[in-house]
Amino acid sequence: MPDNVDLPRPASLADLAESVTRSLRLVGVPTARDRSDAGAYVYVDESTDESGGVFVEWNLSEELRHVMMQFAAEGDLSSPRLSFIESAQGAMESALRAIVAAAGFKIDTETVGVHEFAFKVEAV
């Protein structure tokens, strides 16, 4: 995080999640309140094993989620529109990881447990 941006150091998972959310909003990334909203969804899994922690995932718009489900139901996995959606999803996930890492957090893409569409964030 640049020296001129003062975000408090997290003391708990909730504080860490709030700090990550603030970092994303600071650069203009829309954040989601829950999985049904489009944007960066930052959430806490309070499990005490390694699957617990703070996670970030990119949520597509409801319209694009519906289109993806439609393609899957029809078995049309070669559509250029589906390729666009998958590319956009991948680009946003990469951008989120880069932004969160640049803000000074540690990114873990390996120890995500049941959070297969997210990455884990840890304080440094």
For M69, the rest of its hydrophobic cluster, which grows through side-chain links under 4.5 angstrom: none
Cluster overlap V112 with V121, hydrophobic side-chain contacts below 4.5 Å: no
Joint cluster assignment, F117 & L96, ILVMFWY side-chain distance < 4.5 Å: no
Over 12 non-hydrogen atoms of neighbours within 6.0 angstrom of CD in E74: yes
Y43 and F55 aromatic ring geometry - parallel, tilted or perpendicular at 30°/60° bounds: parallel
Shared hydrophobic cluster for I107 and V29 (ILVMFWY, side-chain gaps under 4.5 Å): yes
From S51 atom OG to E46 atom CD, the distance as rounded to the nearest 0.5 Å: 12.0 Å
More than 12 heavy atoms of other groups within 6.0 Å of E122 CD: yes
Within-4.5 Å side-chain heavy-atom neighbours: F119 and V100: yes
Donor-acceptor pair, side chain of R65 and main chain of A38, under 3.5 angstrom: no
Nearest-0.5 Å distance that lies between atom CG in L60 and atom NE2 in H66: 13.5 Å
L24 versus A40, closest heavy-atom pair with distance: CD1-CB, 3.9 Å
Short side-chain to backbone donor-acceptor contact, S87 and S83, under 3.5 Å: yes
Pairwise distance CG(L26) to OG1(T21) - rounded to 0.5 angstrom: 12.0 Å
Any residue meeting salt bridge (charged side-chain N to carboxylate O under 4.0 Å, His left out) with E57, in chain and number order, not counting sequence neighbours: R35
Atom pair CD1/CD of I85 and E63 - distance to nearest 0.5 Å: 8.5 Å
Donor-acceptor pair, side chain of K120 and main chain of G52, under 3.5 angstrom: yes
Atom pair CZ/CG of R97 and D108 - distance to nearest 0.5 Å: 11.5 Å
N/O donor-acceptor pair under 3.5 Å between S47 side chain and D49 backbone: no
Shortest non-hydrogen contact from A17 toward V44: CB-CG2, 3.7 Å
Expected output: side-chain Q89 to main-chain W58 donor-acceptor under 3.5 Å: yes
Same apolar cluster (I L V M F W Y, side chains within < 4.5 Å links), I99/Y41: no
Cluster overlap V54 with V114, hydrophobic side-chain contacts below 4.5 Å: no
Point-to-point distance, once rounded to the nearest 0.5 Å, from CG of N59 to OG1 of T31: 11.0 Å
Over all atoms of both residues, closest heavy-atom pair of G53 and L13: CA-CD2, 4.0 Å
